[in-house]
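Before any comments, here is the structure.
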Protein chains: 2
Amino acid sequence: MNIYDVSEHAHVSIATVSRVINGNPNVSEKTRKRVLAVMDELGYTPNVFARSLGLNTMKTIGIMCADSSDPWLAEAVYFLEKQLRSSGYDSILCCSGYLPETKKKYLELLRSKRVDAIILAGSHYVEAREKDNAYLLEAAKDIPIMLVNGCLEGGQIYSTVCDDQAAVYSAAAKLYQSGRSALLYLYSGTSYSNLRKLSGYRQATAAASLPVRDELMVLCSKDPDLAMEQLKELSDSGIKFDSILAAEDILAVGAVKYANQTGISIPEGLSIIGYNNSILSRCTTPEITSVDNKVEALCTTTVNTLMKVLEGGNVPAKTTITPELIKRGTTNF
Amino acid sequence: MNIYDVSEHAHVSIATVSRVINGNPNVSEKTRKRVLAVMDELGYTPNVFARSLGLNTMKTIGIMCADSSDPWLAEAVYFLEKQLRSSGYDSILCCSGYLPETKKKYLELLRSKRVDAIILAGSHYVEAREKDNAYLLEAAKDIPIMLVNGCLEGGQIYSTVCDDQAAVYSAAAKLYQSGRSALLYLYSGTSYSNLRKLSGYRQATAAASLPVRDELMVLCSKDPDLAMEQLKELSDSGIKFDSILAAEDILAVGAVKYANQTGISIPEGLSIIGYNNSILSRCTTPEITSVDNKVEALCTTTVNTLMKVLEGGNVPAKTTITPELIKRGTTNF
DNA sequence: TTGTAGGCGTTATCAC
DNA sequence: GTGATAACGCCTACAA
């Protein structure tokens, strides 16, 4: 069942069938109808492989993320796929894990599939050391590379980021303004995004004329129970804190559990702010005040930018989205 | 940069280059090395489009799910993609939503991309009315259709399911054995899987010589707060219950919130069991006893079965995985 | 408005 | 072991 079968049955040439398929206006209404009828009758579908070969594109975008089961990344993948599909593109998903070697390997793999562009979702793709990002710059020579919540400069690289630093700064400032003075900062990694957040915490602390103390910046487990235990140990070791700002909701969940288990009242005895405004922030009692970093807006913007790039339009290399603090029961402002 | 360039530089025919690419043994070691060297030097990568055209396959599987941001489905997509990739297949993701028309539309769309098979993740693809599944049977005439946690009989349809009915039965039975007599069942939909679960609840209740009461089977919102409000209303309206079995963890979270807000002790005043053993079950205080329905095993099995099918092997049309009850703080057994 | 023919880059079937 | 050559199914000048 191919274009020749259709052309025979409709008594036209394959060129005419092709024109009908592609909506070329140079076909008489009568012919078009006949061809369409035959295609319908025969249940004909154009062969995408042949089409791809001729056009040298499959209208497919590669979506890479470290782990699509991570709640934030799962949402990102969802919105990206949705937006891409509504723009007429398919999505090839590729979970690369967190290791630099596998990231690189999978990027090459996607490239070898001749996708039209690659979207890197999440802040795990920009490494601190410049040379570790060289492979991205190299790939961007051939196809557009889109970063979702990561930032890198280079040829065809386009970044859409949420201003994490400003968000953390503002959240920390709010806690200080509400009378807190010992703000514990919990984080879980050292990606670009994490470093920016940490920097926001430092700046807000300094701006509040408070000392930036190393023991108040804690690398914390992403398991709520382990996080809780860690906080107990911290407290037992004599470190005092009256508020917690977490780089991810899951860490804030650990903080709520810590307070609940040790009988500390929230928010009076301990104020807590999470990050991502995920479903996790609404599963605890009380619910967690959290920074919404606008996954949907990030993803929609990324795809829209990409579409402009693919159309040959001129677009900015970096777009910044403003996050928003969602107030719930773990803060008293 | 194509096979002709390589053949020229290596002073061989394109046939030989092709043989080298495909690991055909009928090439002398000397020639193979020379060709490989040239390919490396030229940075040659075979064109997948041309290859697909010739072989009539792209080694790509379509993964459909209703909503890849749903935690359970997100995990499923993750494990499926991982396992497929390790088997040498790409994954085209397609989020179909929950509406029958769009599910059908997207399945057709995937088919038109000539994927080698389609995996339907989640229990939302098998409708109660037989005629609503006709399109799946139709599609299964052309390519293998794999159901993850759904069950349907027909040509090339292969189902891998977790025995939800038995799991719910066993969980309910445990609650009754521990002395509970008014078990409220919360569910959130009427998919195949949901109906099976409900049936498990009914059976366990009957087996415990208790009346199966309609007012104790409640269709519940997936928002934890709305669920909590619903439970309050239920209680206010005079309905008594001493335990809750939820068809999804998120509903159980609502139950925990309800107890916490109304001062009911857990598990003494109210025992709660969730379903899915998701991260949500570990975010509340106390943590939620939950049924683990083995997403990873489900997905790995599905892909392994698919690989056998694609190799032409003989495989069972249905595989059942046994779930497991993970005991935590919301039950006292 | 329609048809013809060449090209896209492989794989596979023959010969040699 | 190697090479020529015909598919694979479509798109697109160019011709008519």
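Numbered from 1 within each chain, the chains take letters A, B, ... in sequence-line order.
Within 4.0 Å (heavy atoms only), B/Leu53 reaches at least one base atom of the nucleic acid. Heavy atoms of B/Asn56 sit nowhere under 4.0 angstrom from any nucleic acid atom. Using a 4.0 Å heavy-atom cutoff across all strands shown, A/Leu55 reaches sugar-phosphate atoms only and no base atom. Among the atoms of the strands shown, only primed sugar atoms or phosphate atoms (P, OP1, OP2) are found under 4.0 Å from some heavy atom of B/Val12. Across all strands, A/Asn47 comes closer than 4.0 Å only to sugar-phosphate atoms, never to a base (heavy-atom distances). Across all strands, B/Ser52 comes closer than 4.0 Å to no nucleic acid atom at all (heavy-atom distances). Across all strands, B/Asn2 comes closer than 4.0 Å only to sugar-phosphate atoms, never to a base (heavy-atom distances).
Nearest to the side chain of B/Asn26, among D/dT2, C/dT10, C/dT2, sits D/dT2. With D/dA4, C/dG3, D/dC10 as the candidates, the nucleotide lying closest to the side chain of A/Ser13 is C/dG3.
At a threshold of 4.0 Å, the pair B/Glu108-B/Arg111 counts as salt-bridged, since one of the basic side-chain nitrogens sits closer than that to a carboxylate oxygen.
The nearest pair of heavy atoms linking A/Val48 to B/Lys113 is CG2-O, 3.6 Å. Closest non-hydrogen pair, B/Leu137 versus B/Glu153, comes out as CD2-O, 3.3 Å.
Whole-Å rounding puts the B/Met39 CE to C/dT10 P distance at 10 Å. At whole-Å resolution of the value, CG in B/Asn24 and C1' in C/dT11 are 11 Å apart. With rounding to whole Å, A/Arg51 atom CZ is found 21 Å from C/dT10 atom P. Whole-Å rounding puts the A/Lys59 NZ to D/dC10 P distance at 18 Å. Following rounding to the nearest Å, B/Met1 (CE) and C/dG9 (P) show an atom-to-atom distance of 11 Å. Atoms CZ (B/Phe49) and P (C/dG7) sit 21 Å apart, rounded to a whole Å. In this structure, B/Lys33 atom NZ and D/dT2 atom P are separated by 14 Å, rounded to whole Å. Rounded to whole Å, the distance from CD1 on A/Ile14 to C1' on D/dC14 is 14 Å.
Side-chain nitrogen and oxygen atoms of B/Arg19 include none within less than 4.0 Å of the OP1 or OP2 phosphate oxygen of D/dT2. In this model, the phosphate group of D/dC11 is approached by a side-chain N or O of A/Ser18 to a distance below 4.0 Å at OP1 or OP2. Under 4.0 angstrom from either OP1 or OP2 of D/dT2 there lies at least one side-chain N or O belonging to B/Thr31. Look at A/Ser28 and you'll find a side-chain N or O under 4.0 angstrom from OP1 or OP2 of C/dT2.
Side-chain contact of A/Gln83 with A/Asn304: a donor-acceptor pair under 3.5 Å is present, judged by distance alone.
For B/Glu130, the CD atom counts as loosely surrounded, since its 6.0 Å shell holds 12 or fewer non-hydrogen atoms of other residues, nucleotides or ligands. More than 12 non-hydrogen atoms from other residues, nucleotides or ligands lie less than 6.0 angstrom from CD of A/Glu101.
A residue-by-residue look at A/Ala15 and B/Ile21 shows that A/Ala15 has its nearest nucleotide of DNA chain C further toward the 5' end. Place B/Tyr4 and B/Arg114 on DNA chain D by their nearest nucleotides, and B/Tyr4 ends up nearer the 5' end.
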